[in-house]
Amino acid sequence: MALLLKRIATAVVVLVCIYYAGEFISVKYRIPASREPFGTVQINKYYAVPQKGGKTEFEPGEPETQTCVNSIFPHLGYSPCWYVKRHKNQQINL
């Protein structure tokens with residue numbers, strides 16, 4: 001039973017590595033050419049300003065556009081778009 005689990009775990013790790021490499025090649029060399037490898041997401045920034053008495057005041061900042069990669073894993077220094085879309089609000093602590 002332990003040997004079977006070890007083989008299954010090894011197979012899963014190998015498949016994830018192959019998938020990651022395939023995504024990297026697809027993003028780096030824009031394969032297929034019909035799919036755009038990069039996207040953009042509007043990010044809302046909020047500044048957390050500490051006040052007297054231990055309270056925090058939140059000031060909205062200027063929204064900015066963040067580049068992301070259309071893949072499951074991060075590539076070329078960009079976060080995946082599915083992750084960035086779920087984290088549109090960013091808090092900056094001062």
Side-chain angles (χ1 to χ4, degrees):
M1 185 66 173
L3 181 61
L4 177 63
L5 289 176
K6 187 175 180 179
R7 285 184 181 178
I8 290 172
T10 302
V12 168
V13 169
V14 168
L15 289 174
V16 168
C17 289
I18 291 171
Y19 188 79
Y20 180 85
E23 267 193 350
F24 179 78
I25 291 169
S26 174
V27 169
K28 180 100 172 151
Y29 300 107
R30 298 179 187 243
I31 301 168
S34 62
R35 187 182 76 116
E36 183 62 35
F38 299 101
T40 57
V41 177
Q42 187 82 14
I43 301 296
N44 302 315
K45 295 202 176 244
Y46 295 96
Y47 295 96
V49 182
Q51 302 292 315
K52 291 182 181 178
K55 294 183 180 182
T56 303
E57 182 177 325
F58 294 95
E59 297 287 333
E62 291 292 323
E64 65 181 50
T65 303
Q66 183 173 348
T67 303
C68 57
V69 63
N70 291 316
S71 66
I72 294 176
F73 299 106
H75 294 288
L76 304 175
Y78 297 107
S79 297
C81 287
W82 65 266
Y83 181 82
V84 176
K85 288 176 184 175
R86 286 175 175 79
H87 297 88
K88 287 183 179 181
N89 297 324
Q90 292 183 352
Q91 177 179 322
I92 299 172
N93 298 321
L94 299 177

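Note that this is a predicted model, so its numbers are computed, not measured. The analysis underlying the following values was restricted to heavy atoms, covering all of them including side chains, and did not include hydrogens, waters or symmetry mates. By convention here, the first residue in the shown sequence is residue 1.
- Here the CD atom belonging to E57 is positioned 14.0 Å from the OH atom belonging to Y46, to the nearest 0.5 angstrom.
- A heavy-atom distance below 4.5 Å is found between the side chains of I72 and Y19.
- Here the CD1-CD1 distance, from I31 to I25, works out to 7.0 Å after rounding to the nearest 0.5 Å.
- Crowding of E62 atom CD: a count of heavy atoms from other residues, nucleotides or ligands under 6.0 Å not exceeding 12.
- Rounding to the nearest 0.5 Å gives a distance of 15.5 Å between NZ of K45 and CD of E59.
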Kindly determine whether E64 and Q42 satisfy side-chain contact (heavy atoms from CB on, under 4.5 Å), including the steps that lead there. CA-CA 6 Å; E64 65 181 50; Q42 187 82 14; over 6 Å; no
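- Distance NZ/K88 to CD/Q66: 12.0 Å, rounded to 0.5 Å.
- Listed by chain and number, the residues in a side chain to side chain contact (heavy atoms under 4.5 Å, CB included) with F58 are A48, T56, Q91 (sequence neighbours excluded).
- Hydrophobic clustering (ILVMFWY, side-chain heavy atoms < 4.5 Å, transitive): L76 and V69 are in one cluster.
- Put simply, the side chain of S26 never gets that close to the backbone of G22: no donor and acceptor are under 3.5 Å apart.
- Between F24 and Y20, the angle of the ring planes stays under 30°, which puts this pair in the parallel group of the 30/60° scheme.
- The number of heavy-atom neighbours closer than 6.0 Å to OH of Y78, taken from other residues, nucleotides and ligands shown, is 12 or below.
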N70 vs F38, test: side-chain contact (heavy atoms from CB on, under 4.5 Å). Steps then yes/no. CA-CA 6 Å; N70 291 316; F38 299 101; 5.7 Å; no
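- P74 and P80 get closest at one heavy-atom pair: N-CG, 3.8 Å.
- For the residue pair S79 and V84, the shortest heavy atom distance occurs at CB-CG2, 3.6 Å.
- Heavy-atom contacts from other residues, nucleotides or ligands closer than 6.0 Å to CZ of R35 number more than 12.
- Its side chain within the 4.5 Å cluster rule, W82 clusters with Y83 among the Ile, Leu, Val, Met, Phe, Trp and Tyr residues.
- The CD1 atom of I43 sits 8.0 Å away from atom SG of C68, with the distance rounded to the nearest 0.5 Å.
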